[in-house]
Student: 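Next up is a structure, given as structure tokens.
Note that the coordinates shown come from a computational prediction; the quantities given were computed from them, not determined experimentally.
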Amino acid sequence: MSGDAPDLETMAALLNSSGRYRVLHRLEPRQVVAKPDGSETRLGLFVDVETTGLDSSRDEIIELAMVPFTYSLDGRIFEIRDPLQMLREPTNPIPAGITLLTGITDEMVSGHTIDPAEVAAFADDAAVVIAHNAAFDRRFLERLSDVFIRKPWACSMTQVDWVAEGFEGTKLAYLAMGAGFFYERHRATHDCIAAIELLATPLPKTGAPAMARLLETARRASWRIWAENAPFDKKEILKSRGYRWNSDGAINPRAWYIDLEEGLRDDELAFLRESIYLRDVNLPIREITAYERFSDRF
């Protein structure tokens, strides 16, 4: 090898082309993903929270990141804008396991607060709020600010068919590796930027940006069917079919429920009548759009 600095990109390409190695590149944050081409654009907002635990009714946010970006109606991402990142001191000390996972310590958050008014002003112009596991983030953020109640939401983890595209899992780190890059994990801003980069990446099989598939799914309404008062001996059938149990009962029935796309609703109701209740039955049904989806209010 000559005395010149090695051409790392050439070396990486050579290793990849050998078929014996796979080289991942470190994600370098960028502002311009694609040059504007005159297309009509919207403002997206990718959000991520780090918390003291998994229960949104009891646990607390200790870090919030929000990263705005512009996208076209067909899912092309153009510009990633400056993020807003905030720390918050919780009521009780951060559990050791959370510190191990996130690297956030009690000393780091000491004296810090999150101003809901500042958060609302930052998020106000967003046409859609996206999270990787929106069912988790939305529940925490709705308790922080009403702005997240009013916005439509999408989920980059569940609303892109990653498995059909050849990915082996849906965790953000797995998807990033599948797309050929790695990043500093488990801090909110880094996770947001990595997820936006993933959404801007063409999918392996369809070639469309992942953001395009996400928007297609998010824009479609779905239906939630509650199998209220289903016979106890039928619970294993319901579980195997994808039903989940709602144990809260404060707003919705304490019952098994399933979320389905529009075209599957009538067939599912027929299944419930014929195989679960063995009679005609009127069940609670609710249409769910991006404005309600992933919220524990529905």
Side-chain angles (χ1 to χ4, degrees), residues 29 42-71 79-95 97-99 101-159 172 186-196 199 214 218 248 250-252 288-298:
R42 297 284 188 274
L43 186 69
L45 186 69
F46 209 101
V47 300
D48 185 58
V49 294
E50 303 296 346
T51 66
T52 58
L54 302 177
D55 187 345
S56 61
S57 66
R58 181 187 64 206
D59 295 310
E60 301 177 66
I61 295 172
I62 55 176
E63 183 181 33
L64 165 64
M66 300 186 289
V67 181
F69 65 96
T70 59
Y71 66 94
E79 178 189 12
I80 302 174
R81 297 183 178 176
D82 292 337
L84 178 65
Q85 183 267 343
M86 297 171 147
L87 293 171
R88 178 183 178 276
E89 182 178 8
T91 305
N92 298 307
I94 299 172
I98 299 299
T99 294
L101 178 68
T102 65
I104 301 173
T105 65
D106 291 319
E107 292 73 22
M108 290 170 60
V109 300
S110 178
H112 288 276
T113 62
I114 295 177
D115 180 1
E118 184 179 359
V119 170
F122 192 86
D124 193 51
D125 290 336
V128 63
V129 178
I130 307 173
H132 200 75
N133 193 6
F136 177 81
D137 295 79
R138 182 167 193 173
R139 292 172 181 180
F140 278 94
L141 287 173
E142 285 193 350
R143 286 168 171 80
L144 175 67
S145 171
D146 287 350
V147 71
F148 296 109
I149 296 175
R150 302 193 303 268
K151 297 292 182 182
W153 279 68
C155 180
S156 57
M157 184 176 78
T158 63
Q159 292 189 300
L172 185 56
H186 296 308
R187 290 302 302 272
T189 301
H190 298 150
D191 285 350
C192 289
I193 292 172
I196 295 172
L199 290 176
L214 174 69
D248 183 8
I251 299 174
N252 295 306
I288 299 175
T289 71
Y291 287 91
E292 302 92 25
R293 196 174 288 124
F294 309 118
S295 173
D296 59 4
R297 296 175 294 110
F298 295 90

Student: List the atom of T105, the atom of T99, and the distance in Å for their closest heavy-atom pair.
Tutor: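 Where T105 meets T99 most closely, the heavy atoms are CG2-CG2, 3.9 Å.
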Student: Could you list the donor-acceptor pairs under 3.5 angstrom formed by side chains in residues 57-69, with sequence neighbours left out?
Tutor:
residue, atom, partner, partner atom, Å
S57, OG, D55, OD1, 2.6
S57, OG, D55, OD2, 3.4
D59, OD2, L54, N, 3.1
D59, OD2, D55, N, 2.8
E60, OE1, R88, NH1, 2.9
E60, OE1, R88, NH2, 3.0
E60, OE1, T91, N, 3.3
E60, OE1, T91, OG1, 3.2
E60, OE2, T91, N, 3.0
E60, OE2, T91, OG1, 3.1
E63, OE1, R187, NE, 3.1
E63, OE1, A188, N, 3.3
E63, OE2, Q85, NE2, 2.8
E63, OE2, R187, NE, 3.2
E63, OE2, R187, NH2, 2.7

Student: What I'd like to find out is whether the side chain of I104 reaches to under 4.5 Å of the side chain of E50, using heavy atoms alone.
Tutor: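 Yes. Closest side-chain heavy atoms under 4.5 Å.
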Student: Do W153 and V47 have side chains that get closer than 4.5 Å, going by heavy atoms?
Tutor: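 Heavy-atom side-chain distance check passes, below 4.5 Å.
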Student: From L144 CG over to S56 OG, what is the distance, rounded to the nearest 0.5 angstrom?
Tutor: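 Rounded to the nearest 0.5 Å, the CG-OG separation comes out at 12.5 Å.
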Student: Partners of F294 by ring-ring contact (aromatic ring centres under 6.0 Å, His included), sequence neighbours excluded?
Tutor: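 With sequence neighbours excluded, F294 shows a ring-ring contact (aromatic ring centres under 6.0 Å, His included) to no residue whatsoever.
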Student: When rounded to the nearest 0.5 angstrom, what is the spacing between CG in L45 and CD1 in I130?
Tutor: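 Between L45 CG and I130 CD1, I get 8.5 Å after rounding to 0.5 Å.
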Student: Could you work out, with side-chain hydrogen bond (donor to acceptor under 3.5 Å, both in side chains) as the rule, every residue matching T289, not counting sequence neighbours?
Tutor: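 For T289, the residues satisfying side-chain hydrogen bond (donor to acceptor under 3.5 Å, both in side chains) (neighbours in sequence not counted) are E292.
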Student: For R139, give me all partners under side-chain hydrogen bond (donor to acceptor under 3.5 Å, both in side chains), at least two apart in sequence or on another chain.
Tutor: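 Expected list: none.
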Student: Taking side-chain hydrogen bond (donor to acceptor under 3.5 Å, both in side chains) as the definition, give me every residue that meets it alongside D146, ordered by chain and number, with sequence neighbours left out.
Tutor: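 D146 satisfies side-chain hydrogen bond (donor to acceptor under 3.5 Å, both in side chains) with no other residue.
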Student: List for me each residue that meets side-chain hydrogen bond (donor to acceptor under 3.5 Å, both in side chains) alongside S295, sequence neighbours excluded, and say none if there are none.
Tutor: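 Checked S295 against side-chain hydrogen bond (donor to acceptor under 3.5 Å, both in side chains); matches are E142, R297.
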Student: Which heavy atom of A154 sits nearest to which heavy atom of A134, and what is that distance?
Tutor: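 So the two residues come closest at O-CB, 3.7 Å.
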Student: Supply the atom-to-atom distance R138 CZ to D296 CG, rounded to the nearest 0.5 angstrom.
Tutor: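 Taking CZ in R138 and CG in D296, the distance rounds to 9.5 Å.
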Student: Side chains of L199 and Y71: does their closest heavy-atom pair fall under 4.5 Å?
Tutor: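 Answer no - side chains too far apart.
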Student: Rounded to the nearest 0.5 Å, what separates atom CG in D82 from atom OG1 in T189?
Tutor: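 Here the interatomic distance stands at 11.0 Å.
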Student: Got a sec, which residues hit side-chain contact (heavy atoms from CB on, under 4.5 Å) with P95, two or more places apart in sequence or on another chain?
Tutor: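 Once residues adjacent in sequence are excluded, the partners of P95 under the side-chain contact (heavy atoms from CB on, under 4.5 Å) criterion are T52, I98.
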Student: Do you know which two heavy atoms are closest between S156 and F46, and how far apart they sit?
Tutor: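 Shortest heavy-atom contact: OG-CZ, 3.5 Å.
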Student: Please set out all donor-acceptor pairs under 3.5 angstrom arising from side-chain atoms of residues 109-128, sequence neighbours excluded.
Tutor:
residue, atom, partner, partner atom, Å
H112, NE2, M108, O, 3.4
D115, OD1, A117, N, 3.0

Student: When rounded to the nearest 0.5 angstrom, what distance separates CD in Q159 from NE2 in H132?
Tutor: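 Q159 atom CD to H132 atom NE2 measures 12.0 Å (nearest 0.5 Å).
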Student: How long is the straight-line distance from CG of N133 back to SG of C155, given to the nearest 0.5 Å?
Tutor: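 One gets 5.5 Å once the value is rounded to the nearest 0.5 Å.
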